[in-house]
Amino acid sequence: MKVTVVGAGNVGATCADVLAHKEIANEIVLLDIKEGFAEGKALDIWETSPINLYDSRTTGSTNDYSKTADSDVVVITSGLPRKPGMSRDDLIATNAGIVKSVTENVIKYSPEAKIIIVSNPLDVMTYCAYLTAKVDPSRVFGMAGVLDTARYRSFLAMELNVSPKDIQAVLMGGHGDTMVPLPRYTTVGGIPVTELIEEDKLNEIIERTKFGGGEIVKLLGTSAWYAPGAAAAQMVEAIVRDQKRIFPVCAWLQGEYGMDNIYLGVPVVLGKNGIEKIIELDLNADERALLEESAVAVKGVMKVLDDMNVVS
Ligand SMILES: NC(=O)c1ccc[n+]([C@@H]2O[C@H](COP(=O)([O-])OP(=O)(O)OC[C@H]3O[C@@H](n4cnc5c(N)ncnc54)[C@H](O)[C@@H]3O)[C@@H](O)[C@H]2O)c1
Ligand SMILES: O=C(O)C[C@H](O)C(=O)O
């Protein structure tokens, strides 16, 4: 299996490292526009192979997409990260052009690839890649929910002093402050979370999750990379190993949840064909209202992209 990661910065290099270390693909290509950057990162990752005992091969390329040819999966992480005081949506002006040109090259050299978008603003950059790639939306989707639920689960594990492995959760909506964690669908070792934690404490954790990206930006001066890189790699693994994992993924909705023509985070089955099924939960009125609010926010930014006329 061949996997390309575009953008050899913090998230892209971390993703490539996890893919290699876990032998998720035997051929990993890291590509960046900055001269020598991807080659350097790829070489550094490859030099961990005798220590970490794996044989997946990681190579780098400075903007030469012929090296990425016939990739099975491509992860797009190229673009600016936000700085303190910025919202993810503030990145649209720069990142839309980057995601568009990268997607054109990706699809030219790997016409059959499944494409996972990571660049922000996530839902709208996924929409941008979909408009550019002009392929079935089951093959173009975004990584956000795996990260957002990981944050939620890790905070719950800290609070309850239990293993994060035993916490299952679903989170829906856009990858922004309007994301929708769903306590009704959160369990700890099969026990509904609401039986283990006070409502106030749970609400605090939900709020922390919604602003989890911003919490890291404030601490680091740039955005997170360990959890995002690992989350993207976990999605790649589900595809290349045809695992049929159920993950919250930014997917193109055409009637699901009563919504049309919008990229939004929903639970899906992820396997060798990309998004193999969108799972429709029976949301209650409050949950539906939150999802609709999130969809309005995403639609607003999609319109900004449409008005920019970046993608024809
Ligand atoms: N979806 C998520 O949950 C999530 C999580 C973390 C970060 N992000 C986003 O991912 C993106 C990358 O974050 P980062 O921390 O890795 O940033 P970074 O600055 O460390 O890396 C970005 C890389 O993209 C490269 N790049 C820029 N234009 C390019 C082009 N045209 N072709 C190829 N490479 C190009 C840059 O040279 C740089 O190396 C940001 O937009 C960030 O907001 C999303
Ligand atoms: O917060 C950011 O800007 C990056 C990313 O979307 C995240 O949630 O970590």
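Read the numbers this way: they start at 1 and go in the same order the structure lists the ligands and their atoms.
The protein non-hydrogen atom at the shortest distance from atom 40 (C) of ligand 1 is L80 O, 3.1 Å. Shortest contact from atom 29 (C) of ligand 1 to any protein heavy atom: I33 CG2, 3.7 Å. Looking from atom 43 (O) of ligand 1 to the surrounding protein, the closest heavy atom is N120 ND2, 3.0 Å. In this structure, the protein non-hydrogen atom closest to atom 35 (C) of ligand 1 is S78 CB, 3.5 Å. For atom 17 (O) of ligand 1, the nearest non-hydrogen atom of the protein is P81 CG, 3.5 Å. Scanning the protein for heavy atoms near atom 7 (C) of ligand 1, the closest one is V11 CG2, 3.7 Å. Summary of contacts: the protein heavy atom closest to atom 21 (O) of ligand 1 is G9 CA, 3.3 Å. When hydrogens are left out, the protein atom nearest atom 22 (C) of ligand 1 is G79 O, 3.3 Å; that is the closest non-hydrogen contact.
In terms of N/O distances under 3.5 Å, ligand 2 is not approached by D148. Below 3.5 Å of separation, one finds an N or O of D32 facing an N or O of ligand 1. Between R82 and ligand 1, no N or O atom pair is found at a separation short of 3.5 Å. Distances between N or O atoms of H175 and those of ligand 1 include at least one value under 3.5 Å.
Relative to atom 11 (C) of ligand 1, the option among T77, L30, T126 with the closest non-hydrogen atom is T77. If you check each of T62, V146, V118, D148 against atom 9 (C) of ligand 1, the one with the closest non-hydrogen atom is V118.
Using a 4.0 Å heavy-atom cutoff, T222 is absent from the residues neighbouring ligand 1.
Distances below 4.0 Å separate heavy atoms of L147 from the following atoms of ligand 2: 7 (C), 8 (O), 9 (O). For ligand 1 and L122, the ligand atoms under 4.0 Å from any heavy atom of the residue are 1 (N). Each of the atoms 41 (O) of ligand 1 lies under 4.0 Å from some heavy atom of N95. Counting atoms of ligand 2 from 1 in the listed order, those under 4.0 Å from a heavy atom of G213 are 1 (O), 7 (C), 8 (O), 9 (O). Heavy-atom contacts of R82 reach the following atoms of ligand 2: 1 (O), 2 (C), 3 (O) (cutoff under 4.0 Å). Near K34, the atoms of ligand 1 lying under 4.0 angstrom from a non-hydrogen atom of the residue are 37 (O). Heavy-atom contacts of A224 reach the following atoms of ligand 1: 6 (C) (cutoff under 4.0 Å). Each of the atoms 5 (C), 6 (O), 7 (C), 8 (O) of ligand 2 lies under 4.0 Å from some heavy atom of H175. Each of the atoms 2 (C), 3 (O), 4 (C) of ligand 2 lies under 4.0 Å from some heavy atom of S223.
R245 is listed as a side-chain neighbour of Q234, based on a closest heavy-atom distance under 4.5 Å. Between I197 and I205 the shortest side-chain heavy-atom distance falls below 4.5 Å. Between S223 and I216 the shortest side-chain heavy-atom distance does not fall below 4.5 Å. Using a 4.5 Å cut-off on side-chain heavy atoms (C-beta onward), L202 and L156 make contact. By the 4.5 Å heavy-atom criterion applied to side chains, L291 and L264 are counted as neighbours. Put simply, the side chain of K41 does not reach to within 4.5 Å of the side chain of D32, judged on heavy atoms. Side-chain contact between P137 and I275 is absent, with no heavy atoms from C-beta onward closer than 4.5 Å.
If you look at M143 next to ligand 1, the close heavy atoms, those under 4.0 Å, come from the backbone and the side chain alike. Residue contacts with ligand 1, taken as heavy atom pairs separated by less than 4.0 Å, involve F37 solely via side-chain atoms from C-beta onward. When non-hydrogen atoms are compared, ligand 1 lies under 4.0 Å from the side chain of P228 (C-beta onward) but not from its backbone. Contact annotation: for I216 versus ligand 2, there are no heavy atoms closer than 4.0 Å. Looking at R151 against ligand 2, only its side chain comes within 4.0 Å, counting heavy atoms. When heavy-atom distances to ligand 1 are checked against a 4.0 Å cut-off, A231 has no atom that comes that close, whether in backbone or side chain. Of all the heavy atoms of L147, the ones lying under 4.0 Å from any atom of ligand 1 belong exclusively to the side chain. When heavy-atom distances to ligand 1 are checked against a 4.0 Å cut-off, I98 comes that close only through its side chain, counted from C-beta outward.
Between K108 and E104, no side-chain nitrogen of the basic residue sits less than 4.0 Å from a carboxylate oxygen of the acidic one, so the salt-bridge criterion is not met. Classification of K244 and D242 as a salt-bridged pair holds, one side-chain N sitting under 4.0 Å from a carboxylate O.
Taking all atoms of both residues into account, the shortest heavy-atom contact from Y152 to P183 is OH-CA, 3.8 Å. Of all heavy-atom pairs spanning I117 and L122, the tightest one is O-CD2, 3.3 Å. Taking all atoms of both residues into account, the shortest heavy-atom contact from W252 to Y127 is CZ3-CD1, 3.8 Å. The shortest non-hydrogen separation linking M143 to L147 is SD-CB, 3.8 Å.
Cluster membership for V29 and V102, using ILVMFWY side-chain heavy atoms within less than 4.5 angstrom, is not shared. Transitive grouping of hydrophobic side chains (ILVMFWY, heavy atoms separated by less than 4.5 Å) keeps L171 and V266 in distinct clusters. V162 and I206 fall within the same hydrophobic cluster, defined by Ile, Leu, Val, Met, Phe, Trp and Tyr side-chain heavy atoms under 4.5 Å apart, directly or through other members.
Of the candidates V301, D177, V217, D123, D177 is the only one forming a side chain to side chain contact (heavy atoms under 4.5 Å, CB included) with R88.
Y130 and T103 share no side-chain donor-acceptor pair at under 3.5 Å.
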